[in-house]
Protein chains: 2
Amino acid sequence: MKTQLKKGALELCVLAVLARGDSYAYDIVNQLSRSMAISEGTVYPLMRRLQDEAWVSTYLVESSSGPSRKYYRLTPAGHAALAAMQTEWREFVSEIDSVLVPSSASLELPQ
Amino acid sequence: MKTQLKKGALELCVLAVLARGDSYAYDIVNQLSRSMAISEGTVYPLMRRLQDEAWVSTYLVESSSGPSRKYYRLTPAGHAALAAMQTEWREFVSEIDSVLVPSSASLELPQ
DNA sequence: CCATGTACTTTGTAATGCAAGGTATTTGGC
DNA sequence: GCCAAATACCTTGCATTACAAAGTACATGG
């Protein structure tokens, strides 16, 4: 159920994580896990998609605690995509909120 | 692309529209069209799902301008589902925003 | 040497948005 | 009377994506 809400937003989240610095899939999963439920089976195919879109480039780095890590780095196109998706995200949230609270554009923030 | 973001949120939107008063699918599409892109092929199957969940009940009303309208009315369970989904929605937005802006919990609202 | 943690990947399933197409009713123009 | 347009319903098939589950491989410690 909540699963459906995530569709499309996770891509944005991964790009946002990479904007803070290069990382590898296993670590991205761990970073996102602090904020939300996320599984490996979601992220690995997503990384492939980002690569196919040329939004990330990759390089391998050997690890002393396991197999080599495949690092992902945002390309210029990736940065542009991130910016576009952030705008899209805000528009999307506004759209939904305008349906939920049709008379007012601003929301109270309980916490 | 934007399509993916909508997954799961449209159900919430339809329930929110129905909370403001009984309506029929064709009209719900038109109401939501003011705020967002939405198509009939999305809404009709969605209405069926809401019925299967017993979140809405239906009744027919004849129209003088076309075929009979199938009105949907929120059941008590539907109202409860709406409340739960609104909470879920706010939590979801907070989660994503916390990934996008990791250092601060509050956002500036440009407009 | 074997369990645990790290790290990558693939396969199949479920959910859902949408385009496209189809049916039926009413009204209004020609 | 007839035909287009608006109203209103519905279905089929496709694409996308989240996830569980399973599998592979390396490193370390008991």
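By convention in this document, chain letters (A, B, ...) are assigned in the order of the sequence lines, proteins followed by strands, and residues within each chain are numbered from 1. Remember, it's a predicted structure, so these values are computed and weren't measured experimentally.
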| Inter- and intrachain pairs under salt bridge (charged side-chain N to carboxylate O under 4.0 Å, His left out), touching residues 57-79 of chain A, at least two apart | A:D22-A:R73

| salt bridge (charged side-chain N to carboxylate O under 4.0 Å, His left out) partners of A:D27, counting only residues at least two apart |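 So A:D27 forms no salt bridge (charged side-chain N to carboxylate O under 4.0 Å, His left out) with any residue.
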
| field | Sequence-distant partners of A:R48, salt bridge (charged side-chain N to carboxylate O under 4.0 Å, His left out), two or more places apart | value |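 Listed in chain order: nothing, the list is empty.
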
With a 3.5 Å distance limit and no angle check, can you tell me whether [X] reaches the backbone of [Y] through a side-chain donor-acceptor pair?
X	Y	result
B:T42	B:I38	no
A:K2	A:A37	no
A:T75	A:W55	yes
A:S94	A:R90	yes

| message | Using a strict heavy-atom distance below 4.0 Å, which residues from residues 19-26 of chain A are in contact with DNA chain D? | response |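 The stretch gives none, as no residue of it lies under 4.0 Å from the strand.
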
| Polar side-chain contact A:K7-C:dT16 base: donor and acceptor under 3.5 Å |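 Side chain to base: no pair present.
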
[X] [atom1] to [N] [atom2], straight-line distance once rounded to whole Å:
X	N	atom1	atom2	result
A:L50	D:dT16	CG	C1'	14 Å
B:Y72	D:dA8	OH	P	13 Å
A:M36	D:dT17	CE	P	15 Å
A:M47	C:dT10	CE	P	14 Å
B:D27	D:dA6	CG	P	17 Å
A:L60	D:dC26	CG	P	14 Å
B:D52	C:dT16	CG	C1'	14 Å
B:I28	D:dT7	CD1	P	16 Å

| query | Quick one: on DNA chain D, does A:A9 or B:K70 contact a more 5' nucleotide (nearest heavy atom)? | reply | B:K70

| N/O (side chain, B:R49) to phosphate O (OP1/OP2, C:dT16) under 4.0 Å | yes

| message | I need a per-nucleotide contact map over nucleotides 18-30 of chain C, read 5' to 3'. Cutoff is protein heavy atoms under 4.0 Å; write B for the base, S for backbone only, - otherwise. | response | BB----BBSS---

| ring-ring contact (aromatic ring centres under 6.0 Å, His included) contacts touching residues 74-98 of chain A (sequence neighbours left out) |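 Matches after skipping sequence neighbours: A:W89-B:F92, A:F92-B:W89.
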
| field | Worked check of side chain to side chain contact (heavy atoms under 4.5 Å, CB included) between A:L32 and A:V14 | value | CA-CA 8 Å; A:L32 290 180; A:V14 168; 4.1 Å; yes

